[in-house]
There are 2 protein chains.
Amino acid sequence: MLFKIAAHRGRKSPSRIRRKNEQLILSAAEEEFARHGYKGASMNSIAVRAGLPKANIHYYFNSKLELYAAVLSRIIELWDGTLNKLKADDDPAVALPEYIAAKMRFSREQPLASRIFAIEILNGAPNLVGYFDEEYRRWFRSRTEVFRAWAQQGRIAPIDPAHLIFLLWSATQHYADFACQIRASIGKEELTDDDYDSATRTLTQVVLRGCGVLESEKRFSTGCTGTTGGG
Amino acid sequence: MLFKIAAHRGRKSPSRIRRKNEQLILSAAEEEFARHGYKGASMNSIAVRAGLPKANIHYYFNSKLELYAAVLSRIIELWDGTLNKLKADDDPAVALPEYIAAKMRFSREQPLASRIFAIEILNGAPNLVGYFDEEYRRWFRSRTEVFRAWAQQGRIAPIDPAHLIFLLWSATQHYADFACQIRASIGKEELTDDDYDSATRTLTQVVLRGCGVLESEKRFSTGCTGTTGGG
DNA sequence: GTCTATATGGGGATAGAC
DNA sequence: GTCTATCCCCATATAGAC
């Protein structure tokens, strides 16, 4: 089992100091892994950032890989849930903007988590073999069904649900993962709240209009689902 | 100067064997860097993949960093140009689909290049300091002007150009960079031509509709550019 | 639980024969 | 130009004193 945290074996509950140090280490590790990737981050730099001797890192997390797995595991917990809030009987004109806003907020507030996850995927997700399984596929399929239902009810245009989800994921995560290029493009040292607001507004606008939600809704009320199904 | 290839100093033209070996090494390096990142890739694994002794890699490219710079440089050459084809007096209904199709084709045909670039950006682009400069910013600004012109002429809805470009970049590159997650999501071992076609179609549809190009074009012919300008 | 000192291996780089 | 053998550093991991 990959995501088990190995430390404090055989104790009822972790001591306060243990919990504090584990949090310190995990935060430092997140920062280092996000900045340099798995190989690029060193246990030493993590220790320095955490303000602890290197050996203590090994005391709490037996190996570098276990520490990385713990970081990943923490990220995954943060991850899921947002997309689950979308329900077939929601109003897409309300639910979609909320989803986009939530994802953008995540990119703004947890860019490190987003980047670590992105690097892991880019490398072929070697440490997520237990995550991308049959259950994940079923979960994804259940999410596409929401969009399919909306389309069938004529509440959005008949759009391939899987690719629409990929569009939502990529466009929002881009602001965390490619922040450096974005800053260079618009010539700013740091992105401001206004930048994130206008990014959210633009994306929402394009997606809503692109799904036929913003204007001429009646156009899709004929119940046509037609040619573009299946992901 | 970062991107100069250091080998064959002081010769008029590289020999045939030199050129062949350099290509072998560059291709092998691309594969390894894309799979494991800069630190994660070893000169040894690159040598094995290229079918050459490790020392020869050092003979052609003095250091690992120089080899990596050469790989990056090759990618950048492939990169630019696509977005340059968009002109203010093009018809967005034609030019946008063409641009999306070109970017999707790139993700399909050069996924390794896309991934290496993505990893570099994710790590804060430490080796692209000479690339994301003032000139890059001016180039980007000139690209946003095309969209701004379209909006002013009422040919697309008044959408923030910078964020629209980011949307186009992220959504298309996603199919190269996150291919692994996409495969897991839709439950396929490999993405087919059909998958790429339907991805291209879906994205084109959403963007064109989202920009108000597909339907009710007259709606934006009032010359309103209004509230959403500026990147 | 904490920390210093050290063992061990991998990887970048080079010397030098051919 | 090519390739084997080797150097040396750095990073993970551990031993063992406190």
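This one's a predicted model, so the numbers in the text were calculated from it and none came from an experiment. Residue numbering restarts at 1 for every chain, and letters A, B, ... go by the order of the sequence lines.
Phosphate proximity of C:dG1 to A:Y60: absent, as no side-chain N or O sits under 4.0 Å from OP1 or OP2. In terms of phosphate contacts, A:N21 brings no side-chain nitrogen or oxygen within less than 4.0 Å of OP1 or OP2 of C:dG1.
A straight line from CZ of A:F61 to P of C:dG1 spans 13 Å, rounded to a whole angstrom. Counting to the nearest Å, the C1' atom of D:dG1 and the CZ atom of B:R19 are 17 Å from each other. If you take CD1 of A:I57 and P of D:dA11, they are 15 Å apart, rounded to a whole angstrom. Taking atom CG of residue A:L52 and atom C1' of nucleotide C:dT4, one finds them 15 Å apart after rounding to whole Å. In this structure, the CG atom of B:N56 is 6 Å from the C1' atom of D:dC3, given to the nearest Å.
By the 4.5 Å heavy-atom criterion applied to side chains, A:I182 and B:F140 are not counted as neighbours.
By the ring-ring contact (aromatic ring centres under 6.0 Å, His included) test, B:F117 pairs with B:W79, sequence neighbours left out. Contacts of B:W139 classified as ring-ring contact (aromatic ring centres under 6.0 Å, His included), with partners at least two apart in sequence or in another chain: B:Y136.
Side-chain N or O atoms of A:S27 include none that pairs as donor or acceptor with a backbone N or O of A:L24 at under 3.5 Å.
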The contact string for nucleotides 5-18 of chain C, one letter per nucleotide 5' to 3', using protein heavy atoms under 4.0 Å with B, S and - for base, sugar-phosphate only and none, comes out as -------BBB----
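Cation-pi geometry between A:K64 and A:Y38 is met: under 6.0 angstrom from the ring centre, within 45 degrees of the axis.
Using a 3.5 Å distance cut-off with no hydrogens or angles, the side chains of A:Y68 and A:E30 do not pair a donor with an acceptor.
With distances taken from any side-chain atom of A:P53 to the nucleotides C:dT4, C:dG1, D:dT2, the minimum falls on C:dT4.
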